[in-house]
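Read through the structure below, which is laid out as structure tokens, and then see the notes.
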Amino acid sequence: MKQPIFKFAITVAAFCIMALGCNNSQEESNTKQYSEILSGEEVAVLTDAPNVPPPITRTHPTKVIVTLEVIEKEMEMMDGVKYNFWTFGGSVPGKFIRVRQGDVVEFHLKNNPNNKLPHNIDLHAVSGQGGGAAATFTAPGHETQFTFTALNHGLYIYHCATAPVGMHIGNGMYGLILVEPKEGLKKVDKEYYVCQGDFYTKGAYGESGLQQFNMDKALKEQPDYVVFNGKVGALTGDNALKAKVGETVRLFVGNGGPNLVSSFHVIGEIFDNVYQEGGCVANHDIQTTLVPAGGSAITEFKCDVPATLILVDHSIFRTFNKGSLGMLKVEGAENKTVFSGQQDDRIYQAEGGASQTMPEGPVVAEKALTKDEKIAQGKALYTSICQACHQADANGINGSFPPLAKSDYFASDPNKAIRAVLHGVSGKITVNGKTFDGIMPKQTMSDGQIASVITYVLNNFGNKGGEVTAADVAKQRRK
Amino acid sequence: MVLCVYSMSAQPAVAGKGMATIKGGSYLPLYSADTQRITLRAFNMDIYPVTNADYLLFLSKYPEWSRRKVKSLFADSSYLNHWITDSSFNNNIMNSPVVNVSWFAAKKYCECNGKRLPKVAEWELVARSNEKSADASKDKEFNQWVLNWVSKPTAKVLPNVGTTFKNYYGVYDMHGLVWEWTYDFNSALTTGESRGNSSLDNTFFCGGGSFDSKDINNYASFMRFAMRSSVKANYCVPNIGFRCVK
């Protein structure tokens with residue numbers, strides 16, 4: 001649902017310190033007084049994804065001490081698939097850092113003594129050489145320090161920038177730092193941290209065991225994995241994000257890359273506000289927003305109805321074949337006006353069933369099959385054609401699709417089954433004492449195929465056996 | 001404790017290991033233009049990296065390099081901090097490469113044994129060989145093997161020397177155990193920023209992304225250069241050891 005668009009009419013002039021700020025929360029700023037005099041000192045609260053540190057309530061800048069430890073460690077990329085990740089803080093993405101515009105950040109980078117390599121950090125929130133990369137170039141077992149002032153607010157990626165940069169990022173060395181505007185962000189009910197990354201492994205997607213980094217695939221930009229928060233399934237099932245109907249949700253979305261640009265989309269929701277590229281201008285009513293590699297976006301939306309919202313990279317093969325799928329479970333009362341759910345499902349038959357009939361070609365005489373061959377062919381046909389309605393166990397679905405298992409409908413006369421497949425069934429029928437009143441469309445199969453599938457059904461699912469020939473089917477077809 | 005600790009009183013088991021002859025050749029650093037090809041004369045290189053036992057023997061002759069007595073200018077506070085005391089360490093690392101030694105200490109060790117630290121070019125020349133060939137730098141499988149080792153954190157207990165492969169020259173463990181000090185380790189990079197546009201040597205500073213580098217795909221090699229440039233001569237790092245040449 002739409003939030004009322006910001007009232008830009010409210011003047012910012014009242015707050016002389018807001019020259020660079022966005023009017024993210026004017027209600028609050030009307031009642032607060034801000035100071036730009038640096039005072040105090042605090043240690044930053046850092047969180048692992050999908051959690052976000054609490055909003056900053058300070059009305060003045062302070063000195064913030066941030067300490068990140070680089071840890072190289074084996075973790076799972078997917079259940080059963082291991083990978084040597086290089087991390088900021090022990091997980092992928094790295095710890096979420098939250099400071100306020102004007103804060104003076106004293107940054108410490110520790111390189112764990114067990115690490116193989118030197119590392120550093122380039123924070124896109126830093127104005128200065130390399131974003132701090134050279135200043136934090138750190139050998140294993142060492143710690144470096146530098147200080148920067150958070151001049152610009154926004155949501156920024158940080159990453160390792162040690163040669164070879166692509167491999168350091170490709171092994172998971174990225175995260176987000178949020179610099180809040182002086183007046184803070186508008187209050188929301190839930191905030192989450194979602195960061196996409198692409199990974200390049202020796203084995204194909206899903207190949208189990210310890211997988212090594214594959215440089216060829218990285219150079220060709222052909223990842224095996226594209227994931228949110230460092231692992232396939234990091235945001236699904238029990239790990240799904242949660243919210244209640246009526247709550248507003250803010251997603252801090254990052255994309256570490258190293259290569260791919262994300263078409264970030266939440267299936268079943270519309271972003272009321274998107275701060276594109278993590279900047280301060282809000283766009284509204286957005287379906288999909290681009291998140292550049294080494295970039296970010298802030299998306300906000302109100303959860304109107306209960307649903308499992310699906311977070312995806314809408315470059316959609318990545319979602320269904322490479323892992324970029326997350327979930328946000330919204331619980332609460334239905335609102336049938338906003339979304340009714342399915343109201344009806346009818347069979348749609350194109351007029352005369354023409355579209356389901358293949359154009360007639362020369363008739364190729366089918367080879368007569370043995371009973372066993374028929375059953376084998378029939379099984380394949382059942383699986384691909386019949387099973388969708390009559391189910392794998394042939395018990396059908398009560399009230400919709402009649403059972404074929406132990407069926408009394410065709411027990412005494414297999415021709416009834418042949419006719420059902422040949423011509424379809426419409427209207428009330430009774431099967432095993434239960435009434436069904438639907439439509440089964442006619443099926444476009446050859447006489448031999450129909451003979452096979454019915455022979456298969458007759459000899460399975462507790463039916464009493466028997467055999468149907470192509471000639472039997474041809475006879476019924478002529479009727 | 002006594003049983004599992006190797007100390008000055010015991011005899012080093014692997015003293016006096018031999019050297020292999022490297023017949024020399026030419027080496028083109030990955031950051032250089034063709035005209036900067038380096039020609040190397042023949043030299044001898046230690047077959048194995050220096051072990052903890054070797055180093056203990058050195059300290060028995062040169063106690064001024066023991067943990068307690070070493071000048072802080074020459075070694076930071078991590079110097080030999082994996083040892084139990086100044087002259088003892090856990091028995092299971094006796095034949096593992098010695099680490100947590102500074103460049104100054106490594107250089108001194110070699111000099112006291114009538115040898116010297118290898119130059120980067122010498123080290124890299126030997127390091128590009130695999131079991132069969134003197135120059136496997138274009139061998140994809142070899143490069144991936146090295147890269148795989150580089151990708152893993154350092155083992156909790158370093159394996160013994162001689163447990164990786166014997167290369168074309170008969171030298172072991174150039175890859176797969178520890179990084180190694182070189183005499184001119186800090187001559188290639190002057191900054192930890194691997195992407196900047198330094199006028200000094202901008203083909204190298206671009207790290208894995210420079211169009212000008214000779215071998216932009218040799219990531220393992222880039223990592224060695226990055227590693228070398230991240231340290232100073234007094235640093236003692238848990239995965240840097242050394243070997244000598246003459």
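Throughout, protein chains are lettered first and strands after them, A, B, ... in sequence-line order, and every chain is numbered starting at 1.
Residue-environment remark: NZ (A:K217) exceeds the threshold of 12 foreign heavy atoms within 6.0 Å. Enclosure of atom OH in B:Y183 is not indicated, since only 12 or fewer non-hydrogen atoms of other residues, nucleotides or ligands lie within 6.0 angstrom. Around the CD atom of A:E277, the shell of radius 6.0 Å holds no more than 12 heavy atoms that belong to other residues, nucleotides or ligands. Within 6.0 Å of the NZ atom in B:K119, the count of heavy atoms belonging to other residues, nucleotides or ligands does not exceed 12. Residue B:E131 qualifies as enclosed at atom CD: its count of foreign heavy atoms under 6.0 Å is above 12.
Put simply, the side chain of A:M167 does not reach to within 4.5 Å of the side chain of B:F222, judged on heavy atoms. The closest side-chain heavy-atom distance from B:P153 to A:W86 is not below 4.5 Å. For the pair B:K140 and A:D216, the minimum side-chain heavy-atom distance is below 4.5 Å.
Contacts between A:H142 and chain B at a heavy-atom distance below 4.5 Å involve the side chain alone, from C-beta outward. Neither the backbone nor the side chain of B:N100 comes within contact range of chain A, judged by heavy atoms closer than 4.5 Å. Heavy-atom distances place both the backbone and the side chain of A:N114 under 4.5 Å from chain B. For B:W179, the part sitting under 4.5 Å from any heavy atom of chain A is the side chain, from C-beta outward, and nothing else.
Listed for the B:N239 side chain is a donor-acceptor partner under 3.5 Å among the backbone atoms of A:K116.
Within residues 66-77 of chain A, the residues that have a heavy atom under 4.5 Å from a heavy atom of chain B are A:E72, A:K73, listed by number.
Taking CG of A:L117 as the start and CE of B:M223 as the end, the distance is 5.5 Å to the nearest 0.5 Å. Distance check, rounded to the nearest 0.5 Å: CG of A:N111 to OG of B:S230 gives 8.0 Å.
If you tally non-hydrogen atom pairs under 4.5 Å between each of B:S78, B:P238, B:S151 and chain A, the highest count goes to B:S151.
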